[in-house]
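One structure below.
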Amino acid sequence: MKIYNTMTRKKEELMPLEANKVRLYTCGLTVYSQPHIGNWLGYIYWDVLVRVLRAKGYDVERTQNITDVGHLVSDDDSGEDKMEKGARAEGMTAWDVAKKYSDIAEHEAYDLLGLIRPDHLVPATDYIDKQIQFAGELDKKGYLYRIDDGMYFDTSKLDDYGKLARLDTEGLQAGARVDMTGKKHPTDFAVWKFSPPSQKRDMEWDSPWGTGFPGWHLECSVIARETLGDTIDIHTGGIDHIPVHHTNEIAQSESVTGKPFANFWVHNNHIKVDGQKMAKSLGNIYTLQDIIDHGYSMDAFKLLVLSKHYRTEGNFTWDILDAAENRLMNWRNYAALRHQTHDTLRNDDEKDNDDKSISLLATRHALLEALNDDLDTVTTLMIIDEAFSKLDNISLDHIHQSSLVELVESIDELLGLELITLTPDVSDDIKRLIIERERVRDEKDWQRSDELRDKILEQGITVRDTQSGSIWSYAK
RNA sequence: GGCGCGUUGGCGGAGCAGUUACGCAGCGGUCUGCAAAACCGCGUAGACGGGUGCAACUCCCGUACGUGCCUCCA
């Protein structure tokens, strides 16, 4: 499989450290407020990545952290802790806020979006001891220095600091704003922050340096190492994390282990809303619940996301979601044909049928091939459209049921859609009405026929008449 | 201010130096008891100005606009 590696700025062939096994780490959400649709974007792409790797036979071991402490309002390690700030705003403790939004995030990820749950889903606060231990190793090796508000990593000790982002550290130094934090270099970052002397934090722990809490980047370095080992195969995250968070993870991890932290760095671009960045000040932040409230399905949202490549910038509007919902509806109606076909083929068209079946089965390979090329979901969706459109102008007798089922199952398996469950068979009652309608049509009783069609439509099913009989589909 | 990126038809979104992307929506027609579907056709895409090519949406330069990071962010 080829993937674009941010570290080298090239598409490269994935070569896992251990044959047939892929260790994957994904930065998780900071659970201080309601997640929005942009938060979920990356996780939808990484879900497909995991699905493809598994379909290719890899044993994927995946870790995702939950940031429930230490993420400050500003990435330069000043400002408040987001958790503590959120807690004050809601009149709860930081622990309660973490619980509340962790629960919401899990519900949205695994119930609403149907993402595959990581093997290790780890809150940062579960690994405080390990983080202190890790920071101790950094301290012992001389990477840390103390200032008033915490222990900081001296980035000037590394020759290759900022290699992921290709940071111009000297330029940053020269162009730095007046820095009141007392850091030696603008890129230095907190590994351990002290509790403010006058304030009792909800979340704080004793450490060799003083009571406080871990720096934001520490958790990912530690949790990745503890669950997956010193070097992982793929580290994913949003592009916003390249210059600071991931850069600092690399600095810490490689300083401790002396080994590469991750062989592949894979980053997803962002999605805008109405062509603008999502921001609270613009009031254009949408949540999954907003999408549901507008009457759209989660699969339509996923289709919208997958219809652009993970590395290109996207846009969200209700019109675009509408188009995705329509496309999904078309796919559902193709999938529903499986209830109306059989594996027994008409003898006179046996050869034709075989050809049709073969081309449907070949589709799975085509899908995998597209996804294999840097997770090209755009081409993947196009291949699905092409495969389904082969069913357009042929009679039901010519469609091989089990190969259609396999195609639909492959789509669900690889893209994480739920076409199978979204396309139930119609009730026996409707089936009887359809048969009855076909009978009165033979008698040219058009009035009765139209009455039956309306009756069927009341149950959300439309019927259309073709040369090979009536075909039902879901009404819009 | 520093460093990037983008600009494709009504909307979304690809590839490609010389053939229809594709999806969603729209219009005309054929077919049909009607409807739907399907099929056929249509709308003359490539921000603007130069340049290099026999040939550029596709390469190079500039302009305009938009946008990202540098400061919270997926």
Side-chain angles (χ1 to χ4, degrees), chain A residues 26-30 32-33 35-46 67 71-76 78-80 82 85 165-168 171-172 174-177 186-187 216 236-245 267-272 275-281 285 300 303-331 333 370 376-386 388-389 391-395 441 444-447 449-450 453-454 457 462-467 470-473 475-476:
Chain A
T26 303
C27 287
L29 291 174
T30 301
Y32 69 105
S33 68
H36 55 71
I37 55 173
N39 291 122
W40 292 119
L41 206 66
Y43 300 104
I44 292 171
Y45 294 121
W46 312 144
T67 300
H71 195 173
L72 302 189
V73 168
S74 167
D75 270 357
D76 71 359
S78 62
E80 283 185 273
K82 289 183 175 182
K85 185 184 179 186
R166 309 204 165 170
L167 294 179
D168 171 8
L172 281 172
R177 300 173 182 206
T187 49
W216 173 37
T236 65
I239 53 168
D240 50 295
H241 282 153
I242 297 170
V244 177
H245 186 48
H267 293 98
N268 66 284
N269 209 319
H270 290 177
I271 192 167
K272 298 183 192 178
Q276 287 185 297
K277 187 176 173 171
M278 257 187 275
K280 280 183 183 162
S281 56
I285 291 183
L303 214 46
L304 178 154
V305 171
L306 297 176
S307 68
K308 78 160 190 79
H309 189 79
Y310 74 91
R311 286 195 282 118
T312 63
E313 186 175 73
N315 193 21
F316 177 90
T317 66
W318 294 109
D319 281 350
I320 297 169
L321 185 56
D322 207 48
E325 185 76 59
N326 286 336
R327 190 184 211 179
L328 178 68
M329 180 55 98
N330 291 340
W331 286 13
N333 283 326
D376 185 353
T377 54
V378 179
T379 299
T380 303
L381 300 197
M382 190 186 78
I383 291 167
I384 294 169
D385 284 321
E386 281 175 3
F388 278 143
S389 67
L391 307 177
D392 274 344
N393 206 17
I394 55 177
S395 79
R441 284 190 81 243
K444 300 199 189 299
D445 182 350
W446 308 126
Q447 194 185 337
S449 161
D450 289 350
R453 184 162 62 195
D454 289 345
L457 184 59
T462 58
V463 188
R464 62 176 199 270
D465 304 309
T466 72
Q467 287 177 334
S470 293
I471 297 178
W472 59 263
S473 55
K476 288 190 179 178

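Values below: all heavy atoms of this structure, side chains included; hydrogens, waters and symmetry mates excluded.
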### Message
Which nucleotide wins on minimum distance to the side chain of A/Asn326, given the candidates B/C24, B/G23, B/A74?
### Response
B/C24
### Message
Just the rounded figure in Å: distance from P of B/U32 to CZ of A/Arg441.
### Response
12 Å
### Task
State whether A/Asn330 places a side-chain N or O below 4.0 Å from either non-bridging phosphate oxygen (OP1 or OP2) of B/C24.
yes
### Message
Once you measure the plane-to-plane angle for A/His245 and A/Trp216, does it fall in the parallel (<30°), tilted (30-60°) or perpendicular (>60°) bin?
### Response
parallel
### Task
Identify the heavy atoms of A/Arg311 and A/His267 that sit nearest to each other, and give their distance.
CG-O, 3.9 Å
### Task
Answer yes if the side chains of A/Asp240 and A/His270 hold a donor-acceptor pair under 3.5 Å, and no otherwise.
yes
#### Entry: A/Asp445 CG to B/C34 P, straight-line distance once rounded to whole Å
16 Å
### Task
Write down the distance between CE (A/Met329) and P (B/G23), rounded to a whole number of angstrom.
18 Å
### Query
Are the ring of A/His270 and the six-membered base ring of B/G68 within the stacking cut-offs of under 5.5 Å and under 30°?
no
### Query
Does A/Pro35 reach the side chain of A/Leu29, with side-chain heavy atoms less than 4.5 Å apart?
yes
### Task
Answer with base, sugar-phosphate or nothing: what part of the nucleic acid does A/Leu304 contact at a heavy-atom distance below 4.0 Å?
nothing
### Message
Taking B/A56 as the reference, what is the distance to B/A45 when you measure between their C1' atoms (whole Å, please)?
### Response
15 Å
### Query
Counting any heavy atom closer than 4.0 Å, what does A/Lys444 reach on the DNA or RNA strands: base, sugar-phosphate only, or nothing?
nothing
## Note on the structure
Sequence neighbours excluded, the answer for side chain to side chain contact (heavy atoms under 4.5 Å, CB included) partners of A/Asp454 is none
### Query
What's the closest nucleotide to the A/Met382 side chain, out of B/A74, B/G33, B/C22?
B/C22
### Summary
From NZ of A/Lys272 across to C1' of B/A74 the rounded distance in Å is 15 Å
### Task
Scan A/Gly38 against the nucleic acid and name what it touches under 4.0 Å (heavy atoms): base, sugar-phosphate only, or nothing.
base
Show the distances under 3.5 angstrom between N or O atoms of the protein and N or O atoms of nucleotides 36-42 of chain B.
residue	atom	partner	partner atom	Å
B/A36	N1	A/Asp465	O	3.3
B/A37	O2'	A/Arg464	NE	3.4
B/A38	O2'	A/Asn393	OD1	2.8
B/A38	O2'	A/Asn393	ND2	3.3

### Query
Reckon A/His36 touches a base, only the sugar-phosphate, or nothing at all at heavy-atom distances under 4.0 Å?
base
### Between P of B/G68 and CD1 of A/Ile271, the distance in whole Å
14 Å
### Summary
Between A/Trp40 and A/Asp322, whichever has its closest RNA chain B nucleotide further toward 5' is A/Asp322
### Query
What does nucleotides 2-17 of chain B look like as a protein-contact string, B for base, S for sugar-phosphate only, - for none, at under 4.0 angstrom between heavy atoms?
---------SSSS---
### Query
Is the distance between the ring centroids of A/Trp40 and A/Tyr43 under 6.0 Å?
yes
### Message
Applying a 3.5 angstrom cut-off to the pairing atoms, does RNA chain B sit in any stems of at least three consecutive Watson-Crick or G-U pairs? List them by first number.
### Response
B:1-7 with B:64-70, B:10-12 with B:22-24, B:26-30 with B:38-42, B:47-51 with B:59-63
## Note on the structure
Contacts of A/Thr317 meeting side chain to side chain contact (heavy atoms under 4.5 Å, CB included) (sequence neighbours excluded), chain-then-number -> A/Asp274, A/Asn315, A/Asp319, A/Ile320
### Query
Tell me, do A/Trp331 and A/Leu303 make a side-chain contact under 4.5 Å, heavy atoms counted?
yes
### Query
Under a 90° cut-off about 0 for the syn range, is B/G41 syn or anti?
anti
### Message
Once ring-ring contact (aromatic ring centres under 6.0 Å, His included) is applied, do any residues pair with A/Trp446, and if so which ones, sequence neighbours excluded?
### Response
none
### Task
For A/Asp240 and B/C69, give me the distance from atom CG to atom C1', rounded to whole Å.
10 Å
### Message
Would you compute the distance between atom CE of A/Met382 and atom OG1 of A/Thr379 and round it to the nearest 0.5 angstrom?
### Response
5.5 Å
